Every structure is written in structure tokens, then in C-alpha cells.
2 protein chains.
Amino acid sequence: MIDERKQRILRAVIEDYISTGEPVGSRTIARKHGFNVSPATIRNEMADLEELGFLEQPHTSAGRVPSDLGYRYYVDHFVRAVPADHRLWQFMRDRLALRAREIGAAVRAAARMLSEASNFLALVSGPHLESARIDALRIVPVGGQRALFVVVTDTGIVENRLLELGQPLNPAEVERINRLFEERVCGQTMGRAALAVMKDLAMELRQYGDLVEQTLEVLDRPAADGEERLVVGGATNILRQPEFRDIDKAQMLLGSLEQEETVLELLGEPQPRTRARVVIGHEIRVAEMQDCSLVTASYRIGGDSWGQVGVLGPRRMDYAKIISLVEAVARALSESLPRR
Amino acid sequence: MIDERKQRILRAVIEDYISTGEPVGSRTIARKHGFNVSPATIRNEMADLEELGFLEQPHTSAGRVPSDLGYRYYVDHFVRAVPADHRLWQFMRDRLALRAREIGAAVRAAARMLSEASNFLALVSGPHLESARIDALRIVPVGGQRALFVVVTDTGIVENRLLELGQPLNPAEVERINRLFEERVCGQTMGRAALAVMKDLAMELRQYGDLVEQTLEVLDRPAADGEERLVVGGATNILRQPEFRDIDKAQMLLGSLEQEETVLELLGEPQPRTRARVVIGHEIRVAEMQDCSLVTASYRIGGDSWGQVGVLGPRRMDYAKIISLVEAVARALSESLPRR
DNA sequence: GGCTAGCACTCGCACGCCCAGAGTGCTAAC
DNA sequence: GTTAGCACTCTGGGCGTGCGAGTGCTAGCC
């Protein structure tokens, strides 16, 4: 589609623009990148590339700037993720392992690391628990009329809720309920499966209506009000980007990040693969973010629960670096969290 | 110290400045605020007020602007918190009550409400658990070699941790440990008291060294890695303030808010009183925040655990409104969280 | 046919300039 | 003590200008 030399020029323009942030002119390309042709020739090629949609001009007589299409071509053809520096990777994994007991803490730490290492904005979504397997689920009476309802999954996550019982429960009853839970619910996945089984149980345990009611609630929306579902790190980094010197733009962007729903949707469904996904400019379907790019990857926890990590930065980012960073953090997170 | 008329003028200047954001001149005061004297007279008075340190001039031949001292005088003498609108208050309390089961969720909701209602930045610190009373504390075996360690306090907060045991525990051992916990630790407060008792127990339970070790850790830093200790809401509101059109200033400020330690210190020790505390400009001991004011109040949960809510905005804020808002949210939070 | 030198042209940006407007402080008179 | 008058100061915006970077085009060269 575009010949060898055009490719080299496109690449040179993009890499120059990424490192300087200034529109790049034909002189620069001819001089700095070892082309043995004159600026005029480069100009002709650049005019072609512009016509093809890979480059843009902010205004006549400025240099060229990559378009979304240009970046896309660049990412697809020239960027191969370098595996992250091994020492860095170990460092991250170890630091995450320290908080692995508490998923929320690990997720927050990941967001922090990601934003600090990238100098951009980090997004990490908590794991989807729908397919986490229930390892244990139990009622523990806690004085008087209260009982603690706990769920332990293979992800190590513990959902719990203090139940207010209408009546006190005697040990035999507790025993019976717990046995039922153990026999019927353990081994199921958190989502619909457990809910269905639980609804059956509700019949048999009719006399404890309120109790069962409340346990159903917990299973129905795991982590809905306990752990947060989304962590944003280093939001202020955005303000360092020249493309956001415009306060209003920055405010719009940061504002839209406060809409959890939007961002979760943006991060997309976790996908069982290790490679990062790159979304560029207008490919992001959120108006405020259209001069950003987003790099995401999935992490896995337990048997089959997935979450997403991502970096949101200016389109003008070092894709190779960010991609490997994001992949590394996703992997570190997966490996440091409880295995099964 | 300053006479009646000077007071009126000071007040007029501040209120005018608060509502317009522009330095206010003698004409404006004389005209808008029903003084029956000429601008020249006002000018003389304003010169005095400046000499006394209550007003400042951004530059010769601009109007006057209140100094920190001026705001301080204003807040101490002229601002009395209007009790918040009753309907709003009820609305807030009810909305908080919905999340009261999970303290973290309630705290996040409070931060959100506070930032939305004030249009400034909201800070809410999680409750200090040091003086929460332990209602129950127990080990629950969870399959194989794992056990769940749970702590329930009078605040309703449940600390828990999945313990990896070196060896499996038989029911009798579990029984014994739990009885010891119940007899010795329940009723203590979370902080030093419980820790001391627990250390004694450590001797008696020497053979389960690892287990006791881990429980000590949990008690030692309650909520340290589970719930977050600080929630920031509406950070972007800051960008709407004219005093932060300067990106670099805004970035410094938002950056310093990411230092949890700093902010927690700033919020200060919760104090058992319902009135708000106002900290103005340089009274805030954080360089980046010196053209802000901070209004904080304490909320209470359980018997004796306190946390702080606060609003950080430009010095030029409507103090009466913000003070009553902050007090209202603190009260709503206290009343909607589990009583004992 | 592709490449290049030369050249006129186009912008954006920084700089300096100037002026209007707002507000002051001072003085002298009431 | 108050006020009118006046000279003075400072900011901010509007405007013109020159410079530099970079382009597109044309004509000639290999």
C-alpha cells in the first residue's frame, strides 16, 4: 500500500514527533534520520502521506503531525513490545506480592506503580467476580442477634456482611445452615450459578427468610459496594501534558474520568490474552478523550476472574514503552495474586 | 480594636470579593452597600484596614482584597452557620443510610455529596479504629490449611484476613482458641489494649506461632491495607476556580493531595465536637494550599471512633454555606452509621 | 522519471507599543 | 471628620510588525 520509503518517513515523523512534541518539518527528517535525499523530496513524500490520511498539518506552513490513522499504522507495523526490564519487573511483582493478601490494596498499588512509571494516568479495574469459584461460605454468629456472613472464593476475596437476624440462632441451626451451604453452594461460581442454587436453598430455609434474603443480596452484586471497582492513579499527570495546558479540556477529561461507568466500559471486557490492546484517539468513543490513547491489558486472578489495567496518555506517547509496561504490570499482578 | 464602621466596611469588602472575585474599590463599597459617605471616606478607612493587615492590594491602583487575617476576622465575627436546609439534610442522611452497611461505601458517598454540593474539593478520612471496641473475634477454618480471621467491632467494621496455617487445625483446637479470644480479647478496644492482651495470649498459644503472629498483624494496623484511609472527591472542581487557572499551581495542589500522609495530617485529629473548624490560607501548613481554605468537622461512628470530613476550596468561598454543609454531612454520616 | 535547488508565499508567535479604565493617595476646602 | 478634585499608577487588551519555520511549486539536472 505504501512503499518502503514512505514507511520509513512516516515512522521517522512519528518518532520525532513523539520525542519532541513539535510538528516536524522536511528538513528535520532529511537531516536527522539518515535519508540521502533532499528536504524537497521528503516534502513530496509527506504531501502524499498527508493525502493518504497518515499525516496532518496543524496549519499551512507548519510541519506535519501524525493523524490517528498514522499512529495506528505505526503501532501495527513498527511497535513490538520489548519485554520489560527484568529487574523492574521483579521489583513490581515483589512489591505487589506484599499486598497480595488484600486485592484492593494490590490493585491500588498497581495503579500507583503504573502511573509513576508511565507518568501518565493509570486505570485499574477490580476483578470481575462472576466466575470466581466459591471455596467456602458460612454464617458465624456474633453475639446477640447478629451474624457474620462470609464468602471465600478461589481468588482469595472475602465478601462479608454483618447480618441483622430477626431472632437468635442456636448452634444446631447454624450447623445445619452451614452444612447446607457447604454441600450445595461451595464449588459454584459467584455469578448466576451460586445465585440459582441459593434460591433453591431459600425454599428449604424458609423459616429464616430474612437471613437468606440478605445472603442473596451479597451474592447478587459481589464487590458492588465493598471494594471499589475502579482505581484511578496519577490523574494529575495529565496536567503535565502540553495538549492539556488548556484548563477546560483538562477539566472535561478529568471530569469524565469520575464517571465510573464510562471508564469501566472504556476499559472493556477483560480478555484472556496477555497482549496489550491499543486504542488511539477517535477510536476511543468518549468525546473528552479523543486526543488520548489508551493501552490496556488483562490480569487474571484465581481460576477465572479477570480485571483490566490500563494507561491513558496523550496520543503522542512512547507506545513501545507503555505497552510493555502495561503488559508487565498485568503479568506481575496476575502472578502475585493468590494462584488458586 | 476596630470601630463599627471599619467592621462594616471590612465585611462589605469581603462579601463583595467573595461574590465577584474581583478586587473591590471604594466606589463599589460606597455605592452598593448603603454607606452614606463618599468613596473618599471609604478610601481612608480602607487604607487604615490595610495598615492593620486586614486588606491587601494586589498592586497600587487596584481595589482591595482580603488578607488571611481579614478572612479570619470575618469568619470569627460575622459568620454564623445557618443550620442546613432540612430537606437537604434529610436527603443526605437517607442517601448515606443506604450505604451504611459498608463504611467504605458510606465514606465515598459522603465525599461525593460534599463535592457536588459545594463545588469544591471534598476530603473524608476513614474512621480511626484505635478506640473501637471489639465485639467479636474468631477463627473460622476454611477448607484445608486456611482459616479466616475476623474481627467485628462496635462500629460494625469487619476486619478480616485469610490466614495460611502451617498445619490443619482440628475442631477442638479451633474451639479452644476461639474461647480464649472471646474471654480475653472481646470488649477491648482495637488499639494498644487489644494488642497487649493478644501478646499475652501469644505465650499461651505458642504452638500456633504463625497464626498468632498473623492475627497480631491485623490488630496492629487496623484498616491499614483494607479500606482506604482517605477519600478525595471532586478534585477537578479545583480547576474551575480562577485562582487555579495556572496549570502549574493546580498541578502542585492536586499532586500534594496524592500524598495521603500530608492530607491526613492536615485534616487533623478528629475532635469530639460538632462545630466545624476553619483553616484559612497560610494557616494551612502545606505550601501548595496556601491560597485555599479548609473547613472540617468530625463524624462519629460506634462508641468512640472518629473520622473527619472536610471541604477544600479557594479562600474566597462562601464560608457560611460551606460550614453548614460540612457540619450537616458530618452529622448525617454520624447518624446514619451503625449506632453501637 | 525521479530528484533537487531556488523562490515566493503563508502562518503563528513574540515583541513592543499605546491607550482606556479603574482605582488610588493627596491636598485643599467645607 | 468629610468631601471634591486631581494627578498618578498600574493592568489588560488591541494592534502592527518582523522573524523564523516550513511549505508548494517550478524549472532544471542526472
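In this text the structure is predicted, and so the values were computed from the model without any measurement.
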Query - A/R112 and A/E116: CA distance, side-chain angles, deciding distance, salt bridge (Lys or Arg N to Asp or Glu O under 4.0 Å) verdict - result: CA-CA 6 Å; A/R112 177 157 217 145; A/E116 280 172 6; 3.3 Å; yes
Requested in this report: Drop me the distance from B/Y17's OH to B/R315's CZ, to the nearest 0.5 angstrom.
Outcome: 7.5 Å
Query raised in the report: How far apart are the closest heavy atoms of B/F244 and B/I238, and which atoms are they?
Result: CB-O, 3.7 Å
Report summary line: Numerically ordered, the residues 239-246 of chain A set in heavy-atom contact under 4.0 Å with DNA chain D is none
Query raised in the report: Looking at the side chain of B/A40, which of C/dA5, D/dA4, D/dT23 is the nearest nucleotide?
Result: D/dA4
Query raised in the report: D/dG5 phosphate, OP1 or OP2: any side-chain N/O from B/R43 under 4.0 angstrom?
Result: no
Requested in this report: Look at the side-chain N and O atoms of A/T41 and state whether any lies under 4.0 Å from the OP1 or OP2 oxygen of C/dT4.
Outcome: yes
Report task. Output the residues of residues 6-39 of chain B in contact with DNA chain D, where contact means a heavy atom of the residue under 4.0 Å from an atom of the strand; sort by number or write none. Result -> B/N36, B/V37, B/S38
Query raised in the report: Is there a donor-acceptor pair closer than 3.5 Å between any side-chain N or O of B/T20 and the backbone N or O of B/D16?
Result: yes
Anything under 3.5 Å between a protein N or O and an N or O of nucleotides 28-30 of chain D, put it in a table, one pair a line.
none

Query raised in the report: Side-chain contact, heavy-atom cut-off 4.5 Å: B/R5 with B/T41?
Result: yes
Report summary line: Note: for A/A47 and B/N44 on DNA chain D, the residue whose nearest nucleotide lies more 5' is B/N44
Report task. Kindly say whether, by distance alone, the side chain of A/T60 makes a donor-acceptor pair under 3.5 Å with the base of C/dT10? Result -> no
